[in-house]
J.: 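Handing you this structure, nothing more for now.
Note on naming: letters A, B, ... go to the chains in the order of the sequence lines (proteins, then strands), and numbering restarts at 1 for each one.
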Amino acid sequence: MRLAPNPSGPLHIGHTRMAILNDEYVKRYGGKLIVRMEDTNPPTVYPEAYEMICQDLDWLEVKYHEVVNQSSRFEIYYEYAEKILAAGHGYMCSCESEGWRKMKDESRECPHRNTDPEVNVGIWKRMLAHEFQPHEISMVVKTDINHPNPAVRDFVAMRQVEEPHPLTGTKYKIYPLYNFSVAIDDHLMGMTHVLRGKDHLNNTIRQEYVYDHMDWKKPVFLHYGWVSIEDTVLSTRQIKAAIANGEYSGWDDCRLGTVAALARRGIAPGAIRQYWKDVGTKAVDIRFSWENLYAMNRDIIDADAVRLFFVRDPVEKRIIGIDRLQSSALLHPGLPDMGTREVVLEGDMRVFLTAEDAEGLEPGKILRLKDLGNVEIVDEHELRYVGNDLNVLKKGAKIVHWVGPNSVETTVHMPDGTSIAGIAEKAALDYIGKVAQFERFGFVKLDSADGGGIVAFFTNK
RNA sequence: GCUCCCAUAGUGUAGACCGGCCAAUCAUUCUAGCCUUUCGAGCUAGGGACUCGGGUUCGAAUCCCGAUGGGAGCACCA
């Protein structure tokens with residue numbers, strides 16, 4: 001089987017379906033998975049993409065056995081173009097493209113369609129020798145000019161491109177077009193199964209003509225449905241432009257739907273795999289559900305995510321009635337073996353609560369500071385320590401999280417581009433690079449830390 | 001316009017090929033409760049769907065036809 005990305009940019013969430021599904025088939029039924037870079041249109045090739053795509057696949061845990069660039073196979077396409085012409089299954093056409101298309105629409109043969117094969121081969125050799133200008137001539141594969149579907153009638157297979165290719169420069173100027181190179185490569189590389197999106201349905205029909213012309217055995221073609229992904233920027237061209245003008249920090253900007261961004265945000269590759277396995281290969285058009293992906297992600301990351309306190313919109317309170325308090329909280333209540341995080345309040349008896357918790361506290365009421373102790377509300381600024389008896393919870397005391405004075409400024413960047421500022425407990429510094437759960441807030445990827453504090457990306461609830 | 005693909009709960013998905021065991025599966029979401037020093041996890045209960053109309057049949061989610069709706073292609077892009 002194969003993955004055939006266009007190296008115009010790195011992979012995004014939409015691309016991961018073909019990667020995961022093909023990989024999953026190979027892992028289940030055996031065989032080889034070839035990554036074939038479809039780089040036969042120089043203007044759209046983004047040189048860095050070759051490497052980025054492989055990194056994305058590695059991150060996704062897609063096991064490919066080989067990477068091939070179509071740009072290394074020009075001679076092969078030339079050879080088969082000549083074979084097709086010689087067999088009378090193609091022709092050299094110098095029609096102006098618009099007129100040619102119109103004739104096809106009307107099921108009319110163009111004047112070149114019945115040129116003798118030998119003459120065609122002769123013209124083809126002259127084309128290869130660059131005796132023509134781009135657009136002046138092209139090589140066309142015959143299908144059926146009377147095919148009921150106009151989209152299937154005769155298609156251009158080879159054309160000339162002057163723009164240098166990032167990998168091969170101007171050594172080759174005669175480029176194959178998609179349907180031609182794909183049919184040839186799929187056969188030559190021994191594909192038994194071609195699993196791709198439904199948007200290729202008509203391409204499959206066209207490619208089958210090449211198989212028939214060459215008398216090749218066809219692979220099994222499978223087409224899965226269209227996926228609509230909302231609320232996410234995916235367009236490679238748009239992203240590229242926005243990175244260039246500084247609007248996005250890079251391909252892994254957490255607002256984007258690229259694989260790199262999801263990785264940086266703390267989405268586990270296993271969640272993406274599970275999601276696509278769940279969706280399967282049906283030909284129905286579906287809406288991508290971030291919600292479902294997040295649910296699967298939560299399942300995976302929950303076990304490894306340490307629990308930490310993060311206080312957004314902090315409000316300062318002073319604890320009176322005691323000089324020293326020590327908190328020892330489990331890093332993961334479900335997995336006590338992960339250990340604890342310790343906080344000592346001594347001398348400076350301030351704590352910070354989130355504004356939401358700190359609002360409307362009625363004097364006299366008891367509040368439980370999670371894993372620290374119980375306090376009675378004195379007034380807007382002070383809390384009196386009243387012991388550590390958990391039974392207050394049964395009496396209806398509210399429980400809140402908090403951080404002490406010795407904590408770290410933290411900014412959490414949300415996927416919608418907003419960011420939330422707050423304070424995280426100091427232990428967060430020990431988990432930079434990991435996914436943690438900010439209690440009562442959500443899972444975050446602790447991205448980096450410097451003098452200014454911690455930068456985190458919101459993963460999901 | 002032409003050609004093609006598709007149609008089960010909010011979102012996905014099983015069942016459809018080989019009609020009955022389907023008053024329709026599972027996941028997620030939602031609601032209520034339990035548990036819990038998180039609004040996380042877990043547990044319990046509940047809500048929620050076969051697009052419509054014909055036909056075949058003793059019997060249709062399943063087969064056939066039509067309508068409607070959604071999507072794709074009609075490039076010297078991939």
Side-chain angles (χ1 to χ4, degrees), chain A residues 4-8 37-45 70 93 95-98 100-101 104-107 134-140 147-153 155-161 174-182 196-206 223-228 236 274-280 282-296 298-299 301-303 305 307-310 327 329-330 332-335 368-374 388 390-394 397-401 437-443 460-461:
Chain A
N6 172 5
S8 60
M37 301 290 182
E38 311 247 303
D39 57 349
T40 55
N41 190 37
T44 60
V45 175
Q70 285 194 317
C93 183
C95 288
E96 188 264 330
S97 67
E98 216 166 292
W100 181 72
R101 219 176 314 157
K104 279 204 311 176
D105 281 345
E106 294 163 2
S107 280
H135 298 281
E136 201 178 320
I137 195 140
S138 55
M139 181 252 168
V140 176
H147 196 284
N149 186 349
V152 169
R153 297 172 198 154
F155 61 91
V156 176
M158 305 291 299
R159 73 356 173 147
Q160 184 169 334
V161 177
I174 310 303
Y175 286 81
L177 259 356
Y178 180 76
N179 282 297
F180 189 64
S181 53
V182 164
R196 66 208 331 184
K198 206 164 87 162
D199 45 321
H200 289 293
L201 238 20
N202 283 325
N203 291 325
T204 296
I205 300 172
R206 291 194 272 217
H223 302 95
Y224 51 79
W226 179 257
V227 184
S228 94
T236 302
Q274 186 54 43
Y275 183 85
W276 291 124
K277 278 169 72 173
D278 207 48
V279 166
K282 285 217 309 192
V284 274
D285 300 330
I286 60 161
R287 291 160 164 270
F288 182 82
S289 164
W290 287 104
E291 193 183 75
N292 286 15
L293 176 67
Y294 292 156
M296 291 167 187
R298 197 156 43 225
D299 270 352
I301 63 180
D302 183 70
R307 271 52 178 174
L308 297 168
F309 287 162
F310 167 71
S327 160
L330 287 171
H332 193 305
L335 302 165
R368 168 78 187 169
L369 299 178
K370 188 169 184 269
D371 299 309
L372 183 69
N374 306 325
N388 197 20
L390 281 175
N391 285 318
V392 297
L393 294 175
K394 297 204 171 76
K398 201 177 151 193
I399 181 163
V400 299
H401 65 281
Q437 188 196 52
F438 280 169
E439 289 194 24
R440 299 169 70 206
F441 180 81
F443 292 94
N460 55 249
K461 275 295 268 183

J.: Rounding to the closest angstrom, what is the interatomic distance between B/U44 and B/A27 at atom P?
T.: 11 Å
J.: Does A/Arg307 have a side-chain nitrogen or oxygen under 4.0 Å from the phosphate oxygens OP1 or OP2 of B/G40?
T.: no
J.: Contact class for A/Thr40 vs. all strands (heavy atom < 4.0 Å): base, sugar-phosphate, or nothing?
T.: sugar-phosphate
J.: Let me know the distance between NE2 of A/His200 and P of B/C5, rounded to the nearest Å.
T.: 17 Å
J.: Run the side chain to side chain donor-acceptor pair (under 3.5 Å) test against A/His332 and tell me which residues pass, sequence neighbours left out.
T.: A/Arg307
J.: Could you work out which one of B/U28, B/A41, B/C74 sits closest to the side chain of A/Asp302?
T.: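 Output: B/A41.
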J.: Check ring pair (Phe, Tyr, Trp, His ring centres under 6.0 Å) between A/Tyr275 and all other residues, then give those that pass, not counting sequence neighbours.
T.: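 By the ring pair (Phe, Tyr, Trp, His ring centres under 6.0 Å) rule, A/Tyr275 matches A/Phe288.
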J.: Applying side chain to side chain donor-acceptor pair (under 3.5 Å), name anything that partners A/Asn6, two or more places apart in sequence or on another chain.
T.: none
J.: Starting at the 5' end of nucleotides 42-50 of chain B, put B wherever the base has a protein heavy atom under 4.0 Å, S where only the sugar-phosphate does, and a dash everywhere else.
T.: ---------
J.: For A/Leu308, enumerate each residue passing the side chain to side chain contact (heavy atoms under 4.5 Å, CB included) test, keeping only those at least two apart in sequence or located in another chain.
T.: A/Val306, A/Arg341, A/Glu425, A/Ala427, A/Ala428, A/Ala436, A/Phe438, A/Leu446
J.: Mind checking side chain to side chain donor-acceptor pair (under 3.5 Å) for A/Trp226 and listing every partner two or more places apart, or none if nothing turns up?
T.: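 A/Trp226 satisfies side chain to side chain donor-acceptor pair (under 3.5 Å) with no residue once adjacent residues are dropped.
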J.: Using a cut-off of 4.0 Å on non-hydrogen atoms, how would the nucleic acid contact of A/Pro148 be classed: base, sugar-phosphate, or nothing?
T.: sugar-phosphate
J.: Please name all residues satisfying side chain to side chain contact (heavy atoms under 4.5 Å, CB included) with A/Leu201, sequence neighbours left out, ordered by chain then number.
T.: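 Listed in chain order: A/Lys198, A/His223.
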J.: Are OP1 or OP2 of B/A41 and a side-chain N or O of A/Arg298 less than 4.0 angstrom apart?
T.: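 So the side-chain polar atoms of A/Arg298 do come within 4.0 Å of the phosphate oxygens OP1 or OP2 of B/A41, strictly under.
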J.: Using the side-chain heavy atoms of A/Asn149, tell me which of these nucleotides is nearest: B/G73, B/A78, B/U37.
T.: B/G73
J.: 5'-most contact on RNA chain B: A/Arg159 or A/Phe443, nearest heavy atom basis?
T.: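 Taking each residue's closest nucleotide, the earlier one in sequence belongs to A/Phe443.
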J.: Please give the stem ranges for RNA chain B, sorted by first residue number, where a stem is three or more consecutive Watson-Crick or G-U pairs and both donor-acceptor distances are under 3.5 Å.
T.: B:1-7 with B:68-74, B:10-12 with B:26-28, B:30-34 with B:42-46, B:51-55 with B:63-67
J.: Choose from B/C76, B/U38, B/G73 the nucleotide whose nearest atom is closest to any side-chain atom of A/Ser97.
T.: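 Shortest atom-to-atom distance from the side chain points to B/C76.
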J.: Applying side chain to side chain contact (heavy atoms under 4.5 Å, CB included), name anything that partners A/Asn149, two or more places apart in sequence or on another chain.
T.: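 Side chain to side chain contact (heavy atoms under 4.5 Å, CB included) list for A/Asn149, sorted by chain: A/His147, A/Ala151, A/Val152, A/Asn202.
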J.: List for me each residue that meets side chain to side chain donor-acceptor pair (under 3.5 Å) alongside A/Ser289, sequence neighbours excluded, and say none if there are none.
T.: A/Asn292
J.: Tell me which of A/Tyr178 and A/Ile205 sits closer to the 5' end of RNA chain B, going by the nucleotide each one is nearest to.
T.: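 Looking at RNA chain B, the more 5' nearest nucleotide goes with A/Ile205.
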J.: Please pick, from B/A72, B/G73, B/U37, the nucleotide with the shortest atom-to-atom distance to any side-chain atom of A/Trp226.
T.: B/A72
J.: Quick one: list whatever passes side chain to side chain contact (heavy atoms under 4.5 Å, CB included) with A/Asn374, sequence neighbours left out.
T.: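 Checked A/Asn374 against side chain to side chain contact (heavy atoms under 4.5 Å, CB included); matches are A/Ile366, A/Arg368, A/Val386, A/Asp389, A/Val392.
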J.: Check nucleotides 6-12 of chain B against the protein and report each pair of N or O atoms closer than 3.5 Å, with its distance, or say if there are none.
T.:
unit_1 : atom_1 : unit_2   : atom_2 : d
B/G10  : N2     : A/Glu291 : OE1    : 3.0
B/U11  : O2     : A/Asn292 : ND2    : 3.0
B/G12  : OP1    : A/Arg287 : N      : 2.2
B/G12  : OP1    : A/Arg287 : O      : 3.4

J.: What are the two closest non-hydrogen atoms of A/Glu439 and A/Phe309, and how far apart are they?
T.: OE1-CE2, 3.5 Å
